[in-house]
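A quick write-up on the structure given underneath.
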Amino acid sequence: MELIQSGMAEIALWEVFSQARGANATVFLATVIAVWIAARFSSVLLEKNVNLLGKILCTAFAVGVFLFGFNLGGLISGTYEGHAAALASLDVANGDIDIGAGSQAFIDAMSSGGNTIASIGAYLFYISGLLIAVLPLWISQDS
């Protein structure tokens, strides 16, 4: 009976993780759209030869998008770390009953730093999006 309870608890943890990943994906899509909007605002403002206040507002918007993107990274990392901690706690509470191999591999991956490539990709995406939106506003294109 303990084995069935342990298995059900482990499956329930993975279901919660899956739901959180869906929410994270939705927010990530929103930030991708926001980065595009920030770059588009910048482009339109350049075409209209906007004044200093417009440049400041567009820059503030782009910085806000950038910070929101990094906040999302923290939320996703928290989802992963919290899930790994919950699975590790379940493993400890189970005593002699081992959790599944996939769960153990996830715990091991998170304890060794998680997905470095995804973190680097997020940094590159949001920093380049910020620069694409802001630099053209403040650097003269006249040669």
- Contacts of V32 meeting side chain to side chain contact (heavy atoms under 4.5 Å, CB included) (sequence neighbours excluded), chain-then-number -> F28, F125
- Apart from L53 itself, what residues make up its hydrophobic cluster when side-chain heavy atoms of I, L, V, M, F, W and Y under 4.5 Å apart count as a link, directly or indirectly? L57
- Contacts satisfying side-chain hydrogen bond (donor to acceptor under 3.5 Å, both in side chains) that involve residues 54-71 (not counting sequence neighbours) are T59-W138
- How would you list, by chain and number, every residue that makes a side chain to side chain contact (heavy atoms under 4.5 Å, CB included) with I76, sequence neighbours excluded? R21, N24, L72, Y80
- Hydrophobic cluster partners of L75 (side-chain heavy atoms under 4.5 Å): none
Let me have the donor-acceptor pairs involving side chains of residues 83-91, under 3.5 Å, with sequence neighbours excluded, atom names and distances please.
from	atom 1	to	atom 2	distance (Å)
H83	ND1	L13	O	3.4
S89	OG	A85	O	3.0

- Are Y126 and L124 linked, directly or through other ILVMFWY residues, by side chains that come within less than 4.5 angstrom of each other? no
- Within a strict 4.5 Å, meaning less than it, do heavy atoms of the V65 and T31 side chains meet? no
- Nearest heavy-atom approach of A62 to V134 is CB-CG2, 3.7 Å
- Task: Establish whether I132 and F68 are linked, either directly or via other cluster members, by ILVMFWY side-chain heavy-atom contacts under 4.5 Å.
- Result: no
- More than 12 heavy atoms from other groups under 6.0 Å of CG on N49: no
- Here the side-chain hydrogen bond (donor to acceptor under 3.5 Å, both in side chains) pairs for residues 100-122, sequence neighbours left out, are E10-S103, W14-S103, Q104-D108
Please table the atom pairs, donor to acceptor, closer than 3.5 Å between any side-chain atom in residues 33-43 and protein atoms at least two apart or in another chain.
from	atom 1	to	atom 2	distance (Å)
S42	OG	A133	O	2.7

- Query: For the hydrophobic clusters of this structure (ILVMFWY residues joined by side-chain heavy atoms under 4.5 Å, transitively), does one cluster hold both I99 and I11?
  - Reply: no
- Roughly how far, to the nearest 0.5 Å, is the CZ atom of F66 from the CD1 atom of I127? 5.0 Å
- Message: Test of understanding: with side chain to side chain contact (heavy atoms under 4.5 Å, CB included), list the residues that count as partners of L135, not counting sequence neighbours.
- Response: L131, I139
- Is I56 reachable from L67 through a run of hydrophobic residues whose side-chain heavy atoms are each under 4.5 Å from the next? yes
- I117 atom CD1: more than 12 heavy-atom contacts under 6.0 Å: no
- Same cluster (ILVMFWY, side-chain, under 4.5 Å), V92 and M110: no
- Message: Run the ring-ring contact (aromatic ring centres under 6.0 Å, His included) test against Y123 and tell me which residues pass, sequence neighbours left out.
- Response: F70
